[in-house]
Amino acid sequence: MSRIEIKTKNRRFPIAQNLYGIFFEDINRAGDGGLYPEMIRNTSFEDSILPHGCVDIENGYAMVSPTGWRDEFNHGEGLSRWVRENETAETPVPGWYCENADMRLDTLDTLNENRKASLKVTFSPDGIIYNTGFYGVPQKKNAGYLFYMFAKADERVVLSIETEDDNHVYSQKEIVIDSIEYKKYEVMLSADGDCENARISLRCKMGGVIKLGFCSMMPLETYQGHGLRMDLVEKLRDLHPSFLRFPGGCIVEGFTRDTVMRFKNTIGPVWERAGHLLMWHYHTSNGLGFHEYLQLCEDLQMEPLYVCNCGMTCQARCSLLLEGEELEEIFQDTLNAIEYATGGTDSKWGRVRAQMGHPEPFKMNYIEIGNENFGNDYEKRYVKFYTEIKKQYPNIQIVANTHMEEHGFPLDIADEHYYNTAEYFAENVGFFDHYDRKGPKIFLGELSVVRGFVGRLYAALGEAAFLIGMERNQDIVELSSYAPLLQNMNFKAWYPNLILFNNNKSFAIPSYYVLKMFGRNRGEYVVESKDTADVLYRPVHGMASLFGKPGLQYKEAKWNGNRVEVTHEIMGEIEAFDGKYRIVSANEQQKEEAKRMNGADTDQILVVFGEEEAVTGTFDIDIYVEEDREIIIGVYSSRIPNGEYVFDETNPPKDWNIENVKPFYWKIVNGISTLSEKPDAKPIALTEEYHTPIEKNAFNHFSYYADGRKIWLSINGQLIHEVSVPGFPSMASVVCDTEAQVIIKAVNMSSKADEIEIHIDCDVESNYQAAVLTGDKEDQNSMDCPQKVRDREKILQGAAKTFVYTAPAYSVNVIKLQKNRRG
Ligand code: AHR
């Protein structure tokens with residue numbers, strides 16, 4: 001049984017108005033064919049054209065950027081797994097196929113200067129070209145679609161939306177192409193039935209030659225007629241988001257000069273917008289551009305939070321630094337974007353906005369300088385952007401990618417990103433409790449469970465616990481958003497994503513429902529509350545490991561008194577000598593692997609003893625101690641589950657690798673002993689430093705006993721540390737109120753129902769409401785069962801100054817009590 005004590009008379013601070021928002025990035029083909037419901041894939045025939053300076057390798061399977069970043073390419077189709085899973089037939093022009101016809105790219109005679117190709121089609125009699133869309137073209141009975149193309153020829157073609165085997169034609173129109181210059185031909189179509197995977201074809205009965213400069217087909221029905229896909233925007237709307245962070249993410253950074261995200265490429269008629277290859281392995285039309293994002297913000301009453309490129313490409317992908325005029329150009333592009341959003345119609349870019357149909361300015365109160373950038377190169381660019389934007393727009397809040405104040409730079413908000421396990425988030429419910437209140441505000445810009453229980457109920461519970469901790473600290477945390485947002489089910493580049501869709505349906509993962517419940521039940525003030533609950537220990541298992549530089553010697557490694565061998569040599573090898581063992585350097589293959597693991601240190605060898613089921617047991621080992629030689633014994637050296645996100649499937653991370661084996665690190669150097677863990681880059685100390693008597697230039701005896709809840713560490717028979725395995729409260733809560741309501745958010749992480757005793761200092765009505773999300777730990781939603789895990793509203797009775805609320809096992813609860821003002 002847990003307990004929550006609530007003091008509504010003690011309001012701590014007002015809620016952060018914009019706390020819950022959304023982060024949209026064009027990843028997993030979330031843009032074209034998704035939120036931007038273009039139905040033709042490769043509208044401009046440019047998908048197979050490499051970004052300037054990149055070269056194709058391995059027969060077009062992959063490409064390399066001028067700075068050496070390698071990505072899968074598949075002649076413009078993107079990731080191999082998409083090609084394989086979608087059974088994509090080979091074609092020289094991605095998305096396009098022909099029969100009795102010849103298709104060729106023409107890179108000289110293009111529609112306009114931003115188009116890199118046109119398609120020349122030579123039809124034999126009855127020849128046909130067709131496009132298969134984003135894994136099929138959807139049709140809805142009686143729905144209208146607008147098709148247009150820029151073409152030149154003197155031919156008649158028949159446009160059909162049909163099934164691939166030609167058995168059913170959903171709609172058809174003849175188009176007479178009668179121009180020697182590119183001209184726009186537009187037709188309206190109405191489907192006579194439902195279908196998920198039709199194709200769009202152009203037939204030429206008599207044969208002939210046409211040139212296509214660009215083409216498009218979009219549904220007429222879109223959210224508020226503003227061109228975005230209805231069901232997806234409705235799902236976003238239902239979250240009640242207060243802001244939209246856009247357009248990325250890594251795609252803002254790009255990986256070459258031309259793949260940097262620029263505002264200027266994303267406005268104007270779509271056929272005039274320069275598209276480019278995105279970091280997430282496909283080409284964008286940029287049809288979903290700056291104006292469309294701002295319009296969406298207006299439609300859903302969200303604050304836009306625009307992330308601009310800061311003059312450098314992605315630091316995780318062989319970064320390129322823009323200097324001089326190139327940096328100026330990027331910088332000016334950001335100022336232009338702000339003017340486009342906020343300028344009067346007498347300004348250059350305000351006028352362009354008015355021409356796009358929006359004379360009134362949009363809002364623009366937040367700008368983020370760069371995405372996940374850091375270090376000196378970032379700081380140099382950041383200062384330039386910060387200073388000039390603040391000078392011209394003092395009211396804009398500047399979001400920095402790192403804690404710039406630690407380096408003496410000004411900022412309003414620091415953006416922090418967390419991808420981790422459900423347990424990590426639950427353990428860190430107090431994460432923001434000790435943040436400096438005089439420091440910048442915090443933006444939890446990207447957050448999600450990416451290891452273990454990915455996309456399942458338990459992940460949502462872990463995130464809910466962390467968000468509860470965030471809500472308790474919303475005097476400092478101003479904004480938060482889950483990442484990523486959208487995924488086309490046939491084009492997965494990253495998992496999990498909040499909302500998944502195919503061509504005509506969508507569903508959301510359990511995390512979505514937590515955000516919906518929390519986003520819709522905000523209250524006005526955070527009130528004082530205190531909760532008491534049991535501790536749940538982080539599940540731990542696995543035997544011991546040893547880290548050390550080459551030369552480290554050991555002998556007599558034993559588990560529960562029996563000799564054990566090294567079972568996994570991860571960053572180097574073990575060699576036997578004179579009845580002892582010595583760590584030696586990594587071999588070539590291990591060095592290669594280490595390079596892939598974000599340049600892991602191959603001088604720090606990791607070897608693992610025994611397999612990973614063990615929870616309770618004793619490990620003993622004699623290690624030769626030398627001056628300055630660091631010894632690290634790993635406790636609980638199992639693999640944590642692979643992250644689902646695999647960026648390069650030709651070199652998938654191996655299971656037993658330096659990124660996946662994250663034990664507790666018992667470090668001994670020069671007689672100082674500590675135990676720590678390293679969930680991220682920074683180690684977290686679990687003990688104080690302890691000066692231990694140790695004999696130099698001799699074998700010393702190290703041992704530990706662990707039982708799943710505690711670890712006892714001894715050197716030469718002397719107990720040095722007794723440490724609890726990290727855990728988290730089985731129940732965590734936060735309380736907000738308004739004049740009329742008390743809103744309690746509580747997560748029950750345990751496998752048992754929790755009868756929470758609630759004590760409150762004001763009278764409340766007996767009848768109350770609760771929204772509850774619950775199920776089995778592993779439950780998830782799917783296209784076939786889209787709402788297996790979702791919030792359900794309950795009407796309950798019995799609320800009073802002291803009452804018991806039963807939170808089901810594995811549940812997130814939003815309890816809404818009505819204040820009884822007579823009391
Ligand atoms: O959300 C997916 C990616 O994660 C974002 O593009 C990037 O900012 C982060 O690394």
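In each ligand, atom 1 is the first atom listed, and ligand 1 is the first ligand listed.
- With respect to atom 6 (O) of ligand 1, the closest heavy atom belonging to the protein is Glu25 OE1, 2.5 Å.
- Counting heavy atoms from C-beta outward, Asn420 and Arg451 have side chains that stay 4.5 Å or more apart.
- Within the structure, salt bridge (Lys or Arg N to Asp or Glu O under 4.0 Å) contacts touching residues 415-429 (residues at least two apart or in different chains) are Arg245-Asp415, Glu427-Arg538.
- For Phe409, there are no ring pair (Phe, Tyr, Trp, His ring centres under 6.0 Å) partners two or more places apart in sequence or in a different chain.
- Checked against a 6.0 Å centroid threshold, the rings of Tyr418 and Phe431 count as neighbours.
- The aromatic rings of Phe246 and Tyr306 lie tilted to each other, with the angle between the two planes from 30° to 60°.
- Nearest to atom 10 (O) of ligand 1 among the protein's heavy atoms is Glu372 OE1, 2.7 Å.
- Less than 4.0 angstrom separates some heavy atom of Trp494 from each of these atoms of ligand 1: 2 (C), 3 (C), 4 (O).
- Of the protein's non-hydrogen atoms, Glu446 OE1, 3.3 Å is the one closest to atom 7 (C) of ligand 1.
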ring-ring contact (aromatic ring centres under 6.0 Å, His included) evaluation trace for Phe243 with Tyr366: CA-CA 9 Å; Phe243 69 88; Tyr366 297 103; 7.0 Å; no
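- Every atom of ligand 1 with a heavy atom of Gly249 under 4.0 Å away is listed here by number and element: 5 (C), 6 (O), 8 (O).
- The shortest heavy-atom distance from Pro484 to ligand 1 is under 4.0 Å.
- Of all the heavy atoms of Tyr482, none lies under 4.0 Å from any atom of ligand 1, so neither backbone nor side chain is involved.
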Test ring-ring contact (aromatic ring centres under 6.0 Å, His included) on Phe134 and Trp82 and set out the steps. CA-CA 11 Å; Phe134 294 86; Trp82 300 341; over 10 Å; no
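- Considering backbone and side-chain N/O atoms, Tyr419 comes within less than 3.5 Å of an N/O atom of ligand 1.
- Residue-ligand proximity, Asn371 to ligand 1, at heavy-atom distances under 4.0 Å covers atoms 7 (C), 8 (O).
- Considering both main-chain and side-chain atoms, Cys250 comes within under 3.5 Å of ligand 1 through a nitrogen or oxygen pair.
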